[in-house]
Amino acid sequence: GAVVSQHPSRVICKSGTSVKIECRSLDFQATTMFWYRQFPKQSLMLMATSNEGSKATYEQGVEKDKFLINHASLTLSTLTVTSAHPEDSSFYICSAREYVNYGYTFGSGTRLTVV
Amino acid sequence: SQQGEEDPQALSIQEGENATMNCSYKTSINNLQWYRQNSGRGLVHLILIRSNEREKHSGRLRVTLDTSKKSSSLLITASRAADTASYFCATVSGNQGGKLIFGQGTELSVKP
């Protein structure tokens with residue numbers, strides 16, 4: 001079945017630094033990738049949608065200059081949290097889809113802690 | 001953005017009992033999906049029901065969809081301790097570019 005590999009699974013960074021999270025589709029071409037954020041005991045909040053080769057579309061309230069998304073190839077999308085602050089500490093999960101009516105495959109998530 | 005509410009927010013039952021979780025949504029949908037998440041982990045897709053379907057079964061899972069009420073339910077029969085997890089419904093709407101929007105989730109605890 002379809003697999004999405006997400007790295008790192010956990011990262012601790014200092015306040016003010018940037019962190020990059022990678023999501024790779026291993027056995028299919030991810031024409032669309034979705035990035036979610038999840039705070040403890042809460043649901044997944046969609047941050048942005050990215051299509052390969054295009055700029056990401058951000059949800060209302062999500063700062064595009066803070067959360068940089070790159071989807072330069074059909075198998076790789078990255079989320080960079082720039083100038084991270086403690087309030088950015090969260091669980092970030094990516095999801096990939098090959099075609100519109102195909103299923104969604106989720107990565108295993110990245111636990112970001114900003115100290 | 002969140003699609004809607006799920007209830008209950010938390011559910012605690014004994015092994016062997018059935019667990020029912022409900023989900024409501026706001027917009028018209030193409031399909032509705034249920035996912036499971038173990039604590040701090042990724043999501044596992046459980047079942048998908050299309051907007052023209054009313055009921056679907058998969059093993060111990062039964063999902064219903066009422067598009068007139070914009071609601072769905074997930075029934076887990078003969079629950080096991082291993083079913084302990086958070087369960088989320090998520091919807092796909094035709095006019096939102098295929099985005100998968102999640103409900104609030106139900107935290108299920110099955111006691112042995």
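Throughout, protein chains are lettered first and strands after them, A, B, ... in sequence-line order, and every chain is numbered starting at 1. Being a predicted model, the structure only gives us computed values, none of them experimental.
- Residue A:Leu44 is tested with B:Leu100, B:Leu43, B:Ile101 for a side chain to side chain contact (heavy atoms under 4.5 Å, CB included); the sole match is B:Leu43.
- One hydrophobic cluster holds both B:Tyr87 and B:Leu32 under the rule that ILVMFWY side chains link at heavy-atom gaps under 4.5 Å.
- Under the ring pair (Phe, Tyr, Trp, His ring centres under 6.0 Å) criterion, B:His57 pairs with no residue, sequence neighbours left out.
- Two different hydrophobic clusters hold A:Phe34 and A:Val4 under the rule that ILVMFWY side chains link at heavy-atom gaps under 4.5 Å.
- No path of Ile, Leu, Val, Met, Phe, Trp and Tyr side chains, each step under 4.5 Å between heavy atoms, connects A:Phe106 with A:Leu74, placing them in separate hydrophobic clusters.
- Hydrophobic clustering of Ile, Leu, Val, Met, Phe, Trp and Tyr side chains at less than 4.5 Å, counting indirect connections, unites B:Val63 with B:Leu46.
- Around atom CZ of B:Arg80, no more than 12 heavy atoms belonging to other residues, nucleotides or ligands sit under 6.0 Å away.
- Annotation for A:Lys66: atom NZ counts as buried by contact number, over 12 foreign heavy atoms lying within 6.0 Å.
- By number of non-hydrogen pairs under 4.5 angstrom with chain A, the leading residue of B:His45, B:Glu107, B:Gln37 is B:Gln37.
- Rounding to the nearest 0.5 angstrom, the gap separating the OH atom in B:Tyr35 from the OG atom in A:Ser43 is 12.0 Å.
- The closest donor-acceptor contact from the side chain of A:Ser108 to the backbone of B:Gly42 lies at 3.5 Å or more, if one exists at all.
- Residues A:Phe91 and B:Phe88 are members of one and the same hydrophobic cluster, defined by side-chain heavy-atom contacts under 4.5 angstrom among Ile, Leu, Val, Met, Phe, Trp and Tyr.
- Enclosure of atom CZ in A:Arg111 by more than 12 non-hydrogen atoms of other residues, nucleotides or ligands within 6.0 angstrom is indicated.
- Remark: B:Ser86 OG to A:Gln42 CD distance equals 12.0 Å, nearest 0.5 Å.
- The part of A:Gln38 that comes within reach of chain B is its side chain, from C-beta onward, which places non-hydrogen atoms under 4.5 angstrom from that chain.
- Annotation: residues 11-18 of chain A contacts chain B through no residue [non-hydrogen atoms, separation under 4.5 Å].
- A heavy-atom distance below 4.5 Å is not found between the side chains of B:Phe102 and A:Leu46.
- Between the A:Arg97 side chain and the B:Lys99 main chain, no donor and acceptor come within less than 3.5 Å of each other.
- Residue-environment remark: NZ (A:Lys20) stays at or below the threshold of 12 foreign heavy atoms within 6.0 Å.
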